[in-house]
Protein chains: 2
Amino acid sequence: MAAYTPSALKAELNERGWRMTPQRETMLKTFQNLPEGTHLSAEDLCELLSQEGEPISLSTIYRNLKLMARMGILRELELAEGQKRYEINQPAPHHHHHLICVRCNKTIEFKNDSVLKAGAKTADRSGYHILDCQLLIHGICPSCQRSIVPI
Amino acid sequence: MAAYTPSALKAELNERGWRMTPQRETMLKTFQNLPEGTHLSAEDLCELLSQEGEPISLSTIYRNLKLMARMGILRELELAEGQKRYEINQPAPHHHHHLICVRCNKTIEFKNDSVLKAGAKTADRSGYHILDCQLLIHGICPSCQRSIVPI
DNA sequence: TGCTTATTGAGAATGACTCCGAAGACTGGT
DNA sequence: ACCAGTCTTCGGAGTCATTCTCAATAAGCA
Ligand SMILES: [Mn+2]
Ligand SMILES: [Mn+2]
Ligand SMILES: [Zn+2]
Ligand SMILES: [Zn+2]
């Protein structure tokens with residue numbers, strides 16, 4: 001299960017008539033080097049890259065996040081309210097799912113291979129080429145259950 | 001597995017210091033009477049209610065969709081791009097999941113009780129009070145695989 | 001019935017995301 | 001190595017789903 005390389009990305013892009021760019025390589029490497037459990041928004045990534053001295057314009061970031069998600073390289077998550085977040089799309093055994101508190105947005109990652117297998121089987125039965133399989137559980141975390149504050 | 005009644009909603013609201021309103025009752029009944037597989041956006045619901053002669057303002061609809069989702073009555077789905085969609089949150093055996101084509105947004109609903117059970121177990125282990133459990137599979141549908149158009 | 005305060009409705013405001021057009025830079029072929 | 005073709009980037013303008021504001025309304029409760 002070797003990491004996805006820049007040249008593999010280039011090959012896949014060229015195959016479809018698209019092009020490899022320094023921005024795309026930077027984005028790929030950045031996501032690959034992120035600690036586990038990091039979920040970046042477009043804005044987050046833009047700031048991170050600026051801090052690291054490799055700035056990429058926000059519109060390019062948006063364009064390539066979408067592209068890489070549709071290629072199955074990144075997964076697009078709707079965790080907190082209001083903005084999409086992205087992480088590298090790892091195959092099993094690194095593949096995982098998310099449990100989110102709807103009040104405080106506390107997020108727990110968990111693995112479950114049988115869910116992944118069930119998803120793959122379902123996609124296959126319908127002839128879909130699978131890109132991502134994510135189990136999303138919304139709930140109320142223990143501390144929010146104790147808090148008096150409603151909603 | 002009787003349907004959730006308006007008076008049950010009222011009880012649950014009052015318990016938290018909130019109020020039952022005609023608008024909330026209308027929204028509940030509308031979702032309950034929708035054919036299976038219907039996923040409404042806020043705008044969709046607003047238009048539907050207007051057509052049926054029971055108009056509710058768009059801001060009230062947004063407010064109550066969010067409220068009812070956080071109560072676990074509705075489930076909030078991010079299916080197509082750009083807007084959230086809602087459906088009634090049914091327990092097993094009506095509970096289901098979604099398989100979506102990232103190119104044409106064709107959506108297939110499917111049931112899988114073992115996934116639901118796995119989700120419930122995970123939430124429980126972390127002490128979360130579960131509100132919704134949805135397996136989201138993104139892929140490319142058979143007809144989009146055949147089409148020449150990229151992305 | 002009357003008081004308190006949650007809720008509604010209409011419009012304004014917000015902000016995540018997309019679009020646009022000119023300048024720049026990959027790719028494949030010579 | 002160079003060139004033509006066109007894909008991509010950048011920055012700013014534009015879009016639109018969603019949230020906010022606040023005066024008017026109406027649940028819930030004693
Ligand atoms: Mn994650
Ligand atoms: Mn559905
Ligand atoms: Zn919480
Ligand atoms: Zn499709």
Side-chain angles (χ1 to χ4, degrees), chain A residues 6-28 30 39-47 49-50 54-71 74 76-86 102 105 148-151, chain B residues 6-28 39-47 49-50 54-71 74 76-86 102 105 149-151:
Chain A
S7 60
L9 174 58
K10 173 168 162 46
E12 208 171 320
L13 287 167
N14 291 346
E15 194 179 323
R16 310 193 201 189
W18 300 337
R19 294 175 185 176
M20 186 55 159
T21 65
Q23 290 86 346
R24 287 173 180 170
E25 178 165 350
T26 298
M27 288 177 64
L28 174 64
T30 301
H39 305 120
L40 294 184
S41 67
E43 202 84 40
D44 290 341
L45 179 61
C46 194
E47 286 171 24
L49 291 173
S50 287
E54 302 192 88
I56 298 178
S57 83
L58 192 54
S59 30
T60 297
I61 286 177
Y62 270 110
R63 218 176 312 116
N64 287 337
L65 285 176
K66 190 69 63 183
L67 176 74
M68 292 166 81
R70 291 189 170 204
M71 292 174 73
L74 298 181
E76 189 175 68
L77 308 170
E78 184 77 24
L79 300 179
E81 303 293 307
Q83 59 192 31
K84 295 203 170 64
R85 296 185 167 273
Y86 297 82
V102 297
N105 289 325
I148 325 287
V149 189
I151 286 199
Chain B
S7 60
L9 174 57
K10 174 169 162 46
E12 209 170 320
L13 287 167
N14 290 347
E15 193 180 322
R16 309 193 201 189
W18 300 337
R19 296 174 185 177
M20 184 56 157
T21 65
Q23 290 87 346
R24 286 174 181 170
E25 179 166 349
T26 298
M27 288 177 63
L28 174 63
H39 304 120
L40 294 185
S41 67
E43 201 86 39
D44 290 341
L45 179 61
C46 194
E47 285 172 23
L49 291 173
S50 288
E54 303 191 89
I56 298 178
S57 84
L58 193 54
S59 24
T60 297
I61 286 176
Y62 271 109
R63 246 187 325 251
N64 288 336
L65 285 176
K66 191 67 64 182
L67 176 75
M68 292 165 81
R70 292 189 170 205
M71 292 175 74
L74 299 180
E76 189 176 67
L77 308 169
E78 185 79 22
L79 300 178
E81 303 294 306
Q83 59 192 31
K84 293 203 171 67
R85 295 186 168 273
Y86 296 83
V102 298
N105 289 325
V149 189
I151 286 197

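Here is the naming used below: chain letters follow the sequence lines, and residue numbers restart at 1 for every chain.
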Residue-phosphate contact under 4.0 Å: [X] side-chain N/O, [N] OP1/OP2:
{"X": "A/Y62", "N": "C/dC17", "result": "yes"}
{"X": "A/R63", "N": "D/dT9", "result": "yes"}
{"X": "B/N14", "N": "D/dC29", "result": "no"}
{"X": "A/T21", "N": "D/dC7", "result": "no"}

Task: Given DNA chain D, 5'-ward residue of the pair B/K66 and B/P22, judged by closest heavy atom - done: B/K66
Task: Residue mapping more 5' on DNA chain D - nearest nucleotide basis, A/Q23 or B/M20 - done: A/Q23
Sub-4.5 Å side-chain heavy-atom contact between [X] and [Y]:
{"X": "A/I61", "Y": "A/L49", "result": "yes"}
{"X": "A/L67", "Y": "A/W18", "result": "yes"}
{"X": "B/T21", "Y": "B/T60", "result": "no"}

TODO: Take atom CG of B/L67 and atom P of C/dA6, then tell me their distance rounded to the nearest Å.
DONE: 14 Å
Task: Nearest-nucleotide 5' precedence on DNA chain C, A/E78 against A/K10 - done: A/E78
Open item on the list: Please compare B/T60 and A/R19 by the position of their nearest nucleotide in DNA chain C and report the one closer to 5'.
Closed with: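 On the 5' side of the pair lies B/T60.
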- [ ] Please work out if B/R24 contacts a base, only the sugar-phosphate, or nothing of the nucleic acid, heavy-atom cut-off 4.0 Å.
- [x]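 Here B/R24 touches the backbone only, sparing every base.
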Open item on the list: Using a 4.0 Å heavy-atom cut-off, does B/I56 contact any base of the nucleic acid, only the sugar-phosphate backbone, or nothing at all?
Closed with: sugar-phosphate
Open item on the list: Using a strict threshold of under 4.0 Å (side-chain N to carboxylate O), is an ion pair present between B/K66 and B/E76?
Closed with: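 Yes.
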- [ ] Check whether the side chain of A/S59 and the base of D/dG11 form a donor-acceptor pair under 3.5 Å.
- [x] yes
